Enquirer: 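Structure incoming, see below.
If you're wondering where the values come from, they're calculated on a predicted model, not measured in any experiment.
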Amino acid sequence: MNGNKKLLYIASSFGHLASFHQPYTEWLAQQGYEVHAAAGGEQRALRGVSRYIPVPFEKSMFSPCNFAAVLQLRSLLRRENYTMISLHTSLAAFFTRLAVQLLPKKQRPVVMNTAHGYLFDDSTPLLKRTLLLSAERMTAPVTDWLLTMNRQDEQIAKRYRLGRHIVPTPGMGIALTRFSPPSPEEKRALRREIELPENALVLIYAAEFSSRKNQRMLISAMPELPNAVLLLPGRGALLDDCRILAQQKGVADRVRFPGFTSNIEQYYRAADLCVSSSRSEGLPFNVMEAMACGLPAVLSDVKGHEDLVRSGENGLLFPYDDQNAFIRAVKQAAEPVLQAQMSAAAVQTAVPYGIDAVFPTLTAIYSQAIPNQPKEVSE
């Protein structure tokens with residue numbers, strides 16, 4: 001490795017870096033590293049970052065823009081001679097590693113890929129699973145460090161040897177000082193502020209509107225939950241479709257679409273249950289944040305969710321896309337005694353995922369990855 005104290009953070013969007021990685025970019029800068037950030041989307045200010053590099057990533061894997069990004073990144077890597085690259089989000093990680101493979105071996109930096117959730121598992125249709133797994137296997141030879149966030153992804157990574165050093169981690173850390181349970185008085189005040197009925201059962205699912213997140217199933221279940229209000233903060237390609245579906249199902253008055261919110265903790269603290277209908281996850285921040293606010297979690301029984309929920313203790317799991325099972329789980333979780341028990345357990349579940357607990361773990365991994373000869377992290 002070269003002696004340059006220069007690191008590059010890469011993700012599909014600057015928004016992702018701003019949401020999850022600023023404690024680490026700031027820490028690296030404090031260690032004397034020059035930190036650059038490369039991403040798509042609207043540029044966001046990032047603590048510790050001295051240079052911002054727009055990269056035209058597109059969600060469609062075969063978009064010409066992504067292959068143009070490979071050439072741009074190869075040129076950047078040759079010019080800047082980075083010590084290490086920290087990769088985030090599947091698409092950006094794949095195309096960046098293609099760029100690394102185009103470099104002479106002596107010019108390659110240490111590559112650390114954080115798998116925020118593989119978009120495949122054993123239940124994924126064969127063609128899609130083969131394509132996505134092949135992409136990971138193709139780029140495994142230049143993946144020096146692979147950080148996973150859930151048990152299934154760790155097993156996949158080890159089974160197919162998707163990185164030289166495979167290390168399980170507890171996510172990136174959530175701010176427990178920001179996400180905490182409200183008092184009954186605070187909760188009532190928040191409901192008045194957000195204009196929620198005082199006696200309604202308030203469900204919340206904060207996520208991008210996409211087919212994988214599957215908000216349509218939740219909306220379709222609402223006619224069978226007449227006392228419930230569903231909060232769906234977020235943006236995404238299927239937002240308008242979901243608005244139309246709520247009208248078609250006759251529940252538009254009980255399904256709220258707040259859009260992107262900078263004060264999402266206020267919505268969690270006004271709600272009763274966190275729900276998710278997702279097809280797969282890494283280690284979902286939205287669920288951990290909601291649990292830290294005291295919300296039992298009613299989640300699809302999929303990769304990522306199963307790492308957080310002990311069914312009947314801090315929430316309930318239901319089979320993916322099973323609308324009737326979801327309705328039964330919500331009704332069960334809303335029973336006052338069980339809800340109170342699971343609420344207390346949910347708060348405790350979130351503690352090991354707090355930034356104060358996670359930060360020392362991840363910075364120790366960075367400290368081991370950056371030297372000339374990376375060492376194994378004990379698991």
Enquirer: Could you please spell out the steps behind the salt bridge (charged side-chain N to carboxylate O under 4.0 Å, His left out) verdict for Asp121 and Arg279?
Expert: CA-CA 10 Å; Asp121 55 22; Arg279 169 62 186 83; 3.0 Å; yes
Enquirer: Would you indicate whether the side-chain heavy atoms of Leu77 and Gln107 approach each other to under 4.5 Å?
Expert: no
Enquirer: I need the Arg212 CZ to Ser278 OG distance, nearest 0.5 Å.
Expert: 5.0 Å
Enquirer: Side-chain contact test, heavy atoms from C-beta onward, threshold under 4.5 Å: evaluate it for Tyr268 versus Asn286 and give yes or no.
Expert: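 Contact flag for Tyr268/Asn286 side chains = yes.
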Enquirer: Ignoring hydrogens and angles, state whether a donor on the side chain of Arg97 or Thr143 is under 3.5 Å from an acceptor on the partner side chain.
Expert: yes
Enquirer: Report yes if some heavy atom in the side chain of Arg191 is under 4.5 Å from a heavy atom in the side chain of Glu198; otherwise report no.
Expert: no
Enquirer: Measure up the Trp145 and His165 rings against each other and bin them: parallel (under 30°), tilted (30 to 60°), perpendicular (over 60°).
Expert: tilted
Enquirer: Using links of under 4.5 Å between side-chain heavy atoms of ILVMFWY residues, direct or through other members, which residues join Tyr205 in one cluster?
Expert: Leu201, Leu203, Phe209, Met217, Leu218, Ile219, Met222, Leu225, Leu230, Leu232, Leu238, Leu239, Leu245, Val251, Val255, Phe257, Leu273, Val275, Val298, Phe318, Phe326, Ile327, Val330
Enquirer: Determine whether Glu80 and Lys6 make a side-chain contact, defined as any pair of heavy atoms from C-beta on separated by less than 4.5 Å.
Expert: yes
Enquirer: In chain order, what residues pass the side-chain hydrogen bond (donor to acceptor under 3.5 Å, both in side chains) check against Ser280, with sequence neighbours excluded?
Expert: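 Listed in chain order: nothing, the list is empty.
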Enquirer: Ring centres of His36 and Tyr82 under 6.0 Å apart?
Expert: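 For His36 and Tyr82, the ring centres are under 6.0 Å apart.
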Enquirer: Go through Glu265 and Arg269 one step at a time and tell me if the salt bridge (charged side-chain N to carboxylate O under 4.0 Å, His left out) criterion holds.
Expert: CA-CA 6 Å; Glu265 69 276 13; Arg269 299 173 94 222; over 6 Å; no
Enquirer: Testing Phe57, Tyr9, Phe94 one by one against His88 for a ring pair (Phe, Tyr, Trp, His ring centres under 6.0 Å), which residue passes?
Expert: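 Running ring pair (Phe, Tyr, Trp, His ring centres under 6.0 Å) over Phe57, Tyr9, Phe94 with His88 returns exactly one hit, Tyr9.
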Enquirer: Can a side-chain donor-acceptor contact be found between Thr124 and Arg129 if the only test is distance below 3.5 angstrom?
Expert: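 Their side chains do not contain a donor-acceptor pair, so the 3.5 Å distance test is not met.
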Enquirer: Look at the rings of Phe95 and Phe67 and say which category their plane angle falls in: under 30° parallel, 30 to 60° tilted, over 60° perpendicular.
Expert: perpendicular
Enquirer: Would you say Thr25's side chain and Gln22's backbone share a donor-acceptor pair under 3.5 angstrom?
Expert: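 Yes: the side chain of Thr25 pairs with the backbone of Gln22.
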Enquirer: Check whether Arg108 reaches the backbone of Gln101 with its side chain - one donor and one acceptor, N or O, closer than 3.5 Å.
Expert: yes
Enquirer: So, for Phe14 and Glu42, which heavy atoms are closest and what is the spacing to 0.1 Å?
Expert: CB-O, 3.3 Å
Enquirer: Working to the nearest 0.5 angstrom, can you tell me the gap between Cys242 SG and Gln247 CD?
Expert: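 Here the rounded value is 11.5 Å.
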Enquirer: When the side chains of residues 342-349 are checked against the rest of the protein, which donor-acceptor pairs come out under 3.5 Å, sequence neighbours left out?
Expert:
| residue | atom | partner | partner atom | Å |
| --- | --- | --- | --- | --- |
| Ser343 | OG | Gly294 | O | 2.6 |
| Thr349 | OG1 | Asn314 | ND2 | 2.9 |
| Thr349 | OG1 | Ala345 | O | 2.9 |

Enquirer: Should Lys303 and Glu281 be marked as a salt bridge (charged side-chain N to carboxylate O under 4.0 Å, His left out) after you check the CA-CA gap, both sets of side-chain angles, and the distance that decides it?
Expert: CA-CA 6 Å; Lys303 178 168 69 72; Glu281 290 292 340; over 6 Å; no
Enquirer: Find the distance between CG (Asp301) and CG (Leu317) and round it off to the nearest 0.5 Å.
Expert: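 Asp301 atom CG to Leu317 atom CG measures 4.5 Å (nearest 0.5 Å).
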Enquirer: Taking the side chain from Asn66 and the backbone from Glu58, do they hold a donor-acceptor pair closer than 3.5 Å?
Expert: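 It does hold such a pair.
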Enquirer: Within this structure, what is the OG1-CG distance for the pair Thr114 and Leu147, rounded to the nearest 0.5 Å?
Expert: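 Interatomic distance, Thr114 OG1 to Leu147 CG, rounded to 0.5 Å: 4.0 Å.
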Enquirer: Report yes or no: is the cationic atom of Arg137 (NZ for Lys, CZ for Arg) under 6.0 Å from the centre of the six-membered ring of Tyr160, at an angle within 45° of the ring normal?
Expert: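 Arg137 over Tyr160 ring: no.
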Enquirer: In the structure I gave you, are the side-chain heavy atoms of Phe179 and Met288 within less than 4.5 Å of one another anywhere?
Expert: no
Enquirer: Using a 4.5 Å cut-off on heavy atoms from C-beta on, say whether the side chain of Arg47 contacts that of Gln30.
Expert: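 No, their side chains stay 4.5 Å or more apart.
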Enquirer: Would a 4.5 Å heavy-atom cut-off, applied to side chains only, mark Glu34 and Arg51 as touching?
Expert: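 Answer no - side chains too far apart.
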Enquirer: Could you check whether any side-chain N or O of Arg74 sits under 3.5 Å from a backbone N or O of Ala99, counting only pairs where one atom can act as donor and the other as acceptor?
Expert: no
Enquirer: How about His305 and Val309: do any of their side-chain heavy atoms sit closer than 4.5 Å?
Expert: no
Enquirer: Going through the distances and angles, do Asp321 and Asn214 end up as a side-chain contact (heavy atoms from CB on, under 4.5 Å)?
Expert: CA-CA 8 Å; Asp321 209 30; Asn214 195 27; 3.2 Å; yes
Enquirer: Keeping the roles fixed (side chain from Asp307, backbone from Asn150), state whether a donor-acceptor pair exists under 3.5 Å.
Expert: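 Not confirmed, Asp307 side chain does not pair with Asn150 backbone.
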Enquirer: Ion pair present between Arg328 and Glu224, side-chain N to carboxylate O less than 4.0 angstrom?
Expert: no
